[in-house]
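Here is the structure we will look at, set down as structure tokens.
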Amino acid sequence: MQFPPWWELGDPCAWTGQGRGTRRMSPWTTGTFLLTVYTIFSKVHSDRDVYPSAGVLFVHVLERESFKGEFPPYPKPGEISNDPITFNTNLMGYPDRPGWLRYIQRTPYSDGVLYGSPTAENVGKPTIIEITAYNRRTFETARHNLIINIMSAEDFPLPYQAEFFIKNMNVEEMLASEVLGDFLGAVKNVWQPERLNAINITSALDRGGRVPLPINDMKEGVYVMVGADVPFSSCLREVENPQNQLRCSQEMEPVITCDKKFRSQFYIDWCKISLVDKTKQVSTFQEVIRGEGILPDGGEYKPPSDSLKSRDYYTDFLITLAVPSAVALVLFLILAYIMCCRREGVIQLVHHSAIQKSTKELRDMSKNREIAWPLSTLPVFHPVTGEIIPPLHADSYESTNMPLMQTQQNLPHQTQIPQQQTTGKWYP
């Protein structure tokens with residue numbers, strides 16, 4: 001990708017109407033072309049001065065070949081060196097570049113490009129950009145300064161501006177002079193202005209676009225803003241008619257008659273075109289009128305005097321600690337009374353323990369039949385009164401006929417369980 005040095009001046013050429021791709025250079029541009037060539041080849045090892053115009057696209061290429069000779073070991077004449085080199089650019093005394101200046105370098109083996117559109121606020125103020133080159137193989141560095149002297153444009157800003165979104169281009173591809181020149185030639189044939197300038201170029205990623213997938217040679221997309229001195233042509237106005245607006249709302253391509261003049265090289269998204277007529281823009285500046293919303297001047301600030309009365313915060317401190325502590329103590333006492341003095345279900349807990357013991361005995365008896373009397377036949381608690389009830393069996397009973405749980409005495413408040421007789425009838 002080659003960038004002729006005259007692009008550093010922002011106004012490279014004037015176009016003829018003899019067809020696309022034909023161009024001639026104005027006398028002023030020819031003179032600046034020779035001046036720029038001198039600054040590149042004769043001032044390689046010193047600061048460089050460039051003179052862009054406000055409101056016109058500025059492009060400066062950081063060529064890797066210009067810095068290779070500054071990294072040891074120094075190459076001999078005719079020797080080819082292909083070390084990876086990256087660049088870091090910043091405004092002198094600041095960590096970043098000015099807001100209008102952007103920088104891009106895809107790989108360490110490609111040239112870096114500074115580009116942007118200078119603003120009118122910086123006219124007459126030299127902008128010094130520090131350029132630091134890093135050799136990624138030897139870790140050597142080299143530094144140069146680029147002095148940007150922004151000049152005022154006679155017809156700045158151009159009254160009619162159009163911004164195109166090109167889908168099949170990346171920003172570094174669009175910055176190439178041949179590609180940008182072809183695009184301006186196509187716009188020239190469609191618009192037919194007397195003066196046409198490239199105002200700015202912005203990557204779609206800087207506008208919130210997504211990084212494309214690395215398939216089918218997909219591109220990021222680029223916005224190109226151009227300005228002219230004549231109103232927009234009827235072809236450019238076609239995107240504003242209701243039929244095309246409806247197609248754009250349905251995510252369909254609008255019907256533009258002049259699209260074929262761009263289609264051979266540039267795929268333009270006509271739904272994203274922006275037409276700005278600065279002759280019809282109303283100024284939004286409003287004079288500030290003092291009224292009720294403006295506070296009156298209160299004079300000088302008067303700090304409080306040193307003779308302020310001291311205040312005792314001891315009482316507030318005690319109240320802050322005593323009230324929560326008293327509430328916590330009351331809650332603790334209530335909980336202790338409930339847990340310790342209001343215990344219920346003691347008899348139920350005893351019976352539950354007896355059931356657990358019986359279960360354990362049954363498991364032990366299943367292993368050994370010849371064991372002593374089970375503990376379940378020993379005195380147990382009455383289910384209602386809690387009194388101890390002795391067993392009702394006699395010592396003469398055979399152990400083989402001894403039931404696990406003996407029948408207890410009929411005590412008050414005891415429920416009798418019906419028993420089955422030998423005759424097969426039930427008696428209460």
Rounded distance [0.5 Å steps], [atom1] in [X] versus [atom2] in [Y]:
X      : Y      : atom1 : atom2 : value
Glu130 : Asp47  : CD    : CG    : 10.0 Å
His60  : Leu175 : NE2   : CG    : 13.0 Å
Asp111 : Arg106 : CG    : CZ    : 14.0 Å
Gln161 : Asn197 : CD    : CG    : 10.5 Å
Glu240 : Leu236 : CD    : CG    : 9.5 Å
Ser234 : Asn241 : OG    : CG    : 11.5 Å

Side chain [X], main chain [Y], donor-acceptor under 3.5 Å:
X      : Y      : value
Glu70  : Phe67  : no
Glu220 : Val171 : no
Gln250 : Met252 : no
Asn168 : Tyr267 : yes
Ser233 : Val190 : yes
Gln105 : Ile85  : yes
Asp229 : Leu158 : no
Asn170 : Lys219 : no
Asn135 : Arg137 : yes

Using a distance-only test with no angle check, is there a side-chain donor-acceptor pair under 3.5 angstrom linking [X] and [Y]?
X      : Y      : value
Asp259 : Trp270 : yes
Glu238 : Thr257 : yes
Thr119 : Asn122 : yes

Is there a side-chain contact between [X] and [Y] (heavy atoms, below 4.5 Å)?
X      : Y      : value
Cys235 : Ile256 : yes
Ile199 : Val56  : no
Ile131 : Arg143 : no
Leu114 : Val59  : no
Glu172 : Ile201 : no
Arg48  : Ile147 : no
Asn149 : Asp49  : yes
Arg363 : Thr359 : yes

Using residues 315-329 as the side-chain source, report each donor-acceptor pair under 3.5 Å to any protein atom, sequence neighbours left out, with the distance given to one decimal.
| from | atom 1 | to | atom 2 | distance (Å) |
| --- | --- | --- | --- | --- |
| Thr320 | OG1 | Asp316 | O | 2.6 |
| Ser325 | OG | Leu321 | O | 2.7 |

Quiz item: Is the number of heavy atoms from other residues, nucleotides or ligands under 6.0 Å of Gln356 CD greater than 12?
Solution: yes

Could you tell me which non-hydrogen atom of [X] sits nearest to which non-hydrogen atom of [Y], and how far apart they are?
X      : Y      : result
Leu184 : Val226 : CD2-CG1, 3.7 Å
Ala204 : Phe165 : CB-CE1, 3.8 Å
Gln192 : Val230 : O-CG2, 4.0 Å
Leu275 : Ala162 : CD2-CB, 3.7 Å
Leu180 : Met174 : CB-O, 3.4 Å
Thr141 : Phe71  : C-CE2, 3.7 Å

Would you call [X] and [Y] a salt bridge, taking side-chain N to carboxylate O under 4.0 Å as the test?
X      : Y      : value
Glu253 : Arg247 : no
Arg64  : Asp83  : no
Glu163 : Arg207 : yes

Pair [X] and [Y], ring centroids less than 6.0 Å apart:
X      : Y      : answer
Tyr115 : Tyr103 : no
Phe232 : Tyr160 : yes
Phe139 : Tyr134 : no
Phe164 : Phe183 : yes

Exercise. Please step through side chain to side chain contact (heavy atoms under 4.5 Å, CB included) for the pair Ile166 and Gln265, ending with a clear verdict.
Key: CA-CA 10 Å; Ile166 304 175; Gln265 190 175 0; over 6 Å; no

Quiz item: Are Thr127 and Met92 close enough, and set up right, to give a side chain to side chain contact (heavy atoms under 4.5 Å, CB included), and what steps lead you there?
Solution: CA-CA 8 Å; Thr127 302; Met92 179 174 288; over 6 Å; no

Quiz item: Run the side chain to side chain contact (heavy atoms under 4.5 Å, CB included) check on Phe58 and Leu101 step by step: do they pass?
Solution: CA-CA 9 Å; Phe58 164 75; Leu101 189 62; 4.1 Å; yes

Quiz item: Which is it for Thr89 and Ile129 under the side chain to side chain contact (heavy atoms under 4.5 Å, CB included) test, yes or no, and what are the steps along the way?
Solution: CA-CA 7 Å; Thr89 59; Ile129 303 298; 4.2 Å; yes

